[in-house]
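Scroll down for the structure; my scribbles are underneath it.
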Protein chains: 2
Amino acid sequence: MVDRPAISKGEMEVARALWQIAPATVREVFEALPAARSIDFSTVQTYLRRLEIKGHAVSKLKGRVRVYSARTRERTVIRETVNDLVQRLFDGETMPLVRHLIEDRGIDEASLAELRDLIDRLDQEGQK
Amino acid sequence: MVDRPAISKGEMEVARALWQIAPATVREVFEALPAARSIDFSTVQTYLRRLEIKGHAVSKLKGRVRVYSARTRERTVIRETVNDLVQRLFDGETMPLVRHLIEDRGIDEASLAELRDLIDRLDQEGQK
DNA sequence: ATCACTGACGTACACATGTACGTGAAATGC
DNA sequence: GCATTTCACGTACATGTGTACGTCAGTGAT
């Protein structure tokens, strides 16, 4: 638990792109962002800089360009972000959110089947 | 979809207290907050004021004190907040988050059973 | 060599957010 | 009826966040 500063919404978009393709230059990250996302190159640069300051990325100059790598794993950040949400919205209880996702957002047949398998598997483990 | 400004983390704490006990005065909300949360009375006042500006609450002077009520339902705000998270972290896909919650955070026996029921129920509905 | 391009880096700037203080008026304890 | 408490309300202020511009220095094309 190094407790790095939280990643903001904007930074998160960039961080996700970085996780996908790191190590990568600013331009590569910029181009990896969803096309729909209209954002300036220098804005991406700023986000990467801030991610580094926050300890979520590292960079190194390779010749004339700066190459960024992730320093925290996506899984970790997701965990922390979700934990935070669950804490703030559901007093730390997991189930209410699971319920909300399944009932309120709805899931399709395939997912339902997958979920069933998942439960079976956990049940097995629980038995042992 | 009136698209009100998003509720910030701090505001959310207060909003949740308000949902619980509204209509309520600032002091009542203040006292309804988790004891662990050390926060000034006037800070709560500010949050309530901002919630009203953002359209999530309404207030009315009752004599000398201002009484706040929620204007958006908790369910709605939860939905929007979760939608936003799912969008930003999982490209709008529900299942990855469900998986994360179940696998990564872990759920107990009872919840597992509840989940099974939930799935059965949805399966039934799907059949029809 | 020169021009257009690209990138790093510093800087900016408005708006959001967390947090709270000060002032003045009303209510309450004694 | 005076001191104390309690509020509403205006205001503040540091920090975070979204977004981007300007400058200067390499780089590649002509």
Side-chain angles (χ1 to χ4, degrees), chain A residues 3-18 21 23-34 36-69 77 80-81 84-85 87-88, chain B residues 3-18 23-34 36-69 77 80-81 84-85 87-89:
Chain A
D3 203 18
R4 278 165 271 265
I7 292 181
S8 77
K9 286 172 201 270
E11 286 158 9
M12 187 68 80
E13 291 182 276
V14 168
R16 293 196 68 209
L18 184 61
I21 62 172
T25 64
V26 179
R27 182 147 303 272
E28 284 163 352
V29 172
F30 173 66
E31 274 159 7
L33 291 175
R37 185 62 163 98
S38 161
I39 189 176
D40 197 273
F41 176 85
S42 73
T43 302
V44 175
Q45 214 169 23
T46 299
Y47 281 144
L48 285 170
R49 218 183 305 142
R50 289 182 182 167
L51 281 172
E52 180 158 28
I53 290 171
K54 291 186 175 182
H56 291 283
V58 268
S59 73
K60 215 167 57 167
L61 269 180
K62 288 248 176 190
R64 206 173 75 76
V65 290
R66 191 162 284 280
V67 175
Y68 284 87
S69 303
V77 171
E80 282 165 12
T81 307
D84 183 62
L85 180 94
Q87 193 57 56
R88 288 188 296 105
Chain B
D3 204 16
R4 278 165 271 266
I7 292 180
S8 77
K9 287 171 200 272
E11 287 158 8
M12 186 69 78
E13 292 182 275
V14 168
R16 292 197 68 211
L18 184 60
T25 65
V26 179
R27 182 148 304 271
E28 284 163 352
V29 171
F30 173 66
E31 274 159 10
L33 291 175
R37 185 62 163 95
S38 162
I39 189 176
D40 197 274
F41 175 85
S42 71
T43 302
V44 175
Q45 212 169 23
T46 299
Y47 282 143
L48 286 170
R49 218 182 307 143
R50 289 182 183 167
L51 281 172
E52 179 158 27
I53 291 171
K54 291 186 175 182
H56 291 283
V58 268
S59 73
K60 214 167 59 170
L61 268 181
K62 288 249 175 190
R64 206 173 76 77
V65 291
R66 192 162 282 282
V67 176
Y68 284 86
S69 304
V77 171
E80 281 165 13
T81 307
D84 184 62
L85 180 94
Q87 194 56 56
R88 289 188 294 104
L89 248 60

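In what follows, chains are A, B, ... by sequence order, proteins preceding strands, each numbered from 1.
Minimum heavy-atom separation, B:Ala17 to B:Val29: CB-CG1, 4.0 Å. Minimum heavy-atom separation, B:Tyr47 to B:Val14: CD1-CG2, 3.7 Å. Across all non-hydrogen atoms, the minimal contact from A:Phe41 to A:Phe30 is N-CE1, 3.6 Å. Contact between A:Ile7 and A:Met12 at its shortest, heavy atoms only, is CG2-N, 3.4 Å. Smallest separation of non-hydrogen atoms from A:Lys9 and B:Asp84: NZ-OD2, 2.6 Å.
Residues meeting the salt bridge (Lys or Arg N to Asp or Glu O under 4.0 Å) test with A:Arg64, sequence neighbours left out: none.
Within the 4.0 Å cut-off from OP1 or OP2 of D:dT19, at least one side-chain nitrogen or oxygen of A:Arg37 is found. Distances shorter than 4.0 Å separate none of the side-chain N or O atoms of A:Tyr47 from OP1 or OP2 on D:dT17. Residue B:Thr43 places at least one side-chain N or O under 4.0 Å from the OP1 or OP2 atom of C:dA20.
The backbone N or O of B:Arg50 sits nowhere less than 3.5 Å from a side-chain atom of B:Glu11 that would complete a donor-acceptor pair. Between the side chain of A:Glu28 and the backbone N or O of A:Ile21, no donor-acceptor pair lies under 3.5 Å. Remark: side-chain polar atoms of A:Arg66 are not paired, donor with acceptor, to backbone N or O of A:Val26 under 3.5 angstrom.
For A:Ile53 and C:dC9, the CD1 to C1' distance is 12 Å, given to the nearest whole Å. The CZ-P distance, from B:Arg50 to D:dA12, rounds to 14 Å in whole Å. To the nearest angstrom, P of D:dG18 lies 6 Å from CD of A:Glu11. Separating the NE2 atom of B:His56 from the P atom of C:dT17 is a distance of 10 Å, rounded to the nearest angstrom. Atom CG in A:Leu33 sits roughly 12 Å away from atom P in D:dT19 (whole-Å rounding). In this structure, the CD1 atom of B:Ile39 is 15 Å from the P atom of C:dT17, given to the nearest Å. B:Leu51 places its CG atom 14 Å from the P atom of C:dT19, with the value rounded to the nearest Å. One can place CG of B:Leu48 at 15 Å from P of C:dA20, the figure rounded to the nearest angstrom.
Mapping B:Tyr68 and A:Ile7 onto DNA chain D by nearest heavy atom places B:Tyr68 at the nucleotide closer to the 5' end. Both B:Val67 and A:Thr46 sit near DNA chain D, but only B:Val67 has its closest nucleotide nearer the 5' end.
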Produce a footprint string for nucleotides 1-7 of chain C: one letter per nucleotide, 5' end first; B if the base is under 4.0 Å from any protein heavy atom, S if only the sugar-phosphate is, - if neither. -----BS

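Set against D:dA20, D:dG18, C:dT19, the side chain of A:Asp40 has D:dA20 as its closest nucleotide. The listed nucleotides are C:dA12, C:dG10, C:dT19; the one nearest the side chain of A:Arg49 is C:dG10.
Checked for salt-bridge contact, B:Arg4 and B:Glu80 miss the test: no charged N lies under 4.0 Å from a carboxylate O.
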Between protein and nucleic acid, restricted to nucleotides 14-16 of chain D and to nitrogen or oxygen atoms under 3.5 Å apart, what atom pairs and distances do you find?
none

